[in-house]
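Okay, structure first, notes after.
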Number of protein chains: 2
Amino acid sequence: MLIGEFAKRVGVSTDTIRFYGKVGFFSSSRSENGYRHYTEKDIETADLIASGKSIGFSLREILAFSQEMADGVLDHARAQESLQSKINLIDERIASLKRVRKLAQQQLDYCRAVEAQELSV
Amino acid sequence: MLIGEFAKRVGVSTDTIRFYGKVGFFSSSRSENGYRHYTEKDIETADLIASGKSIGFSLREILAFSQEMADGVLDHARAQESLQSKINLIDERIASLKRVRKLAQQQLDYCRAVEAQELSV
DNA sequence: GTAAACCTTGGAGTACGCTCCAAGGTCCAG
DNA sequence: CTGGACCTTGGAGCGTACTCCAAGGTTTAC
């Protein structure tokens, strides 16, 4: 599949796809005329990028992670270590989010209480 | 308190503090010689910035949020709306993180299973 | 009175993640 | 064979969030 169709399928611009390519993502196969080609595996990679980005990982982190996933078959120990540290990081982020959520909830409760009081005066 | 002490207390560089000031954070009081002054309230603001950043909000989002918190007393309806939408956003991020965590966990389990099999062969 | 440790400003530079553009090649339909 | 829709490259530009000067004023300690 060519870059236009690929970009449409994963929901980003062709410029963004080329940029991701420069960073190191995707198989870099080209046809004779120089056109880039993308596969279903590249779609998976693009989905991984989207997921990674949505939870706050940088492109380089996602690249390192996806390469470790690919190397997983060869180097179990390192892959497991990396995956475990990623999971720990995610757990920390979830904990952080929950703390801030609690703050916001308290503020919201306080807002509502003040409002109720004002209405009753 | 002057900028150096303040920066040390909140754990960032003085340059970063000045940058946050330019963005619109902190009370902008100065002594006669032009030195910036910071209060305990500014420490709270700096903590809010740290929390917000850690969960992926931009400085502008955090600024808007902190201003809405301050305006809360004046405009309950808008503050409540904003807080609720922030909470919803946080919930979405937590859900996203949990999805990716599950993926990573599955990958890790798979890695371990393959390893165990290889050892038994 | 001078050195060290503060503070000020403005502006340049950096890394990230795009986004846009110009100039040009390719492919296909009518 | 021409128009339109593709594709290529390189390079510029942008917003975010700093980071690092240089040049100079202030304060404190000896």
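Basis for what follows: all heavy atoms, side chains included, without hydrogens, waters or symmetry-related copies. Protein chains get the first letters and strands the later ones, always in sequence-line order, with residue 1 at the start of each.
Taking side-chain N and O atoms only, A:R60 has a distance below 4.0 Å to OP1 or OP2 of C:dG17. Under 4.0 angstrom from either OP1 or OP2 of C:dG25 there lies no side-chain N or O belonging to A:N33. Phosphate proximity of C:dC7 to B:R36: absent, as no side-chain N or O sits under 4.0 Å from OP1 or OP2. The phosphate of C:dC18 (OP1 or OP2) has no side-chain N or O of A:S13 nearer than 4.0 angstrom. A close approach under 4.0 Å does occur between a side-chain nitrogen or oxygen of A:T16 and OP1 or OP2 of C:dT19. For C:dT9, one of the phosphate oxygens OP1 or OP2 lies less than 4.0 angstrom from a side-chain nitrogen or oxygen of B:R30. Using a 4.0 Å cut-off, some side-chain N or O of A:K53 falls inside it from OP1 or OP2 of C:dC18.
A:F19 is connected to A:V12 through a chain of hydrophobic side-chain contacts under 4.5 Å among Ile, Leu, Val, Met, Phe, Trp and Tyr, so both are in one cluster. B:I94 and B:L103 are assigned to two separate hydrophobic clusters, defined by single-linkage of ILVMFWY side chains at heavy-atom distances under 4.5 Å.
The shortest heavy-atom contact between B:K53 and B:I62 is N-CD1, 3.6 Å.
At a threshold of 4.0 angstrom between heavy atoms, the contacts of A:T14 with the nucleic acid are absent.
Distance, B:Y20 OH to D:dT19 C1': 12 Å, rounded to whole Å. The interatomic distance linking B:K8 (NZ) with C:dC6 (C1') rounds to 11 Å, in whole Å. Rounded to whole angstrom, the span from the NE2 atom of A:H37 across to the C1' atom of D:dT8 amounts to 13 Å. Atom CD in A:E5 sits roughly 16 Å away from atom C1' in C:dC27 (whole-Å rounding). Atoms CZ (B:F57) and P (D:dT16) sit 16 Å apart, rounded to a whole Å. Across the protein-nucleic acid pair, B:F19 atom CZ and C:dG10 atom C1' stand 15 Å apart, rounded to whole Å. Going from atom OH of B:Y38 over to atom P of C:dC6 covers 16 Å, rounded to whole Å. Distance CD (A:E32) to P (D:dC7): 18 Å, rounded to an integer number of Å.
Counting only heavy atoms from C-beta on, B:D15 has its side chain closest to D:dC21 among C:dG17, D:dT8, D:dC21. For A:R18, the listed nucleotide lying nearest its side chain is D:dT9; candidates were C:dT8, D:dT9, D:dC18. Here the nucleotide nearest the side chain of B:I3, chosen from D:dA17, C:dC18, C:dC7, is C:dC7.
Of the residues A:Q105, A:R112, A:Q107, the one that meets the side-chain hydrogen bond (donor to acceptor under 3.5 Å, both in side chains) test with A:D109 is A:Q105. Screening A:F6, A:F25, A:Y20 for a ring pair (Phe, Tyr, Trp, His ring centres under 6.0 Å) involving A:Y38 leaves a single residue, A:F6.
With ring centers used as reference points, B:F57 lies 6.0 Å or more from B:F65.
Judged by distance alone, with hydrogens and angles left aside, B:Y35 brings a side-chain donor or acceptor within reach of the base of D:dG25, the pair sitting under 3.5 Å.
Checking A:G4 against B:L59, the closest nucleotide of DNA chain D that is more toward the 5' end is the one next to A:G4.
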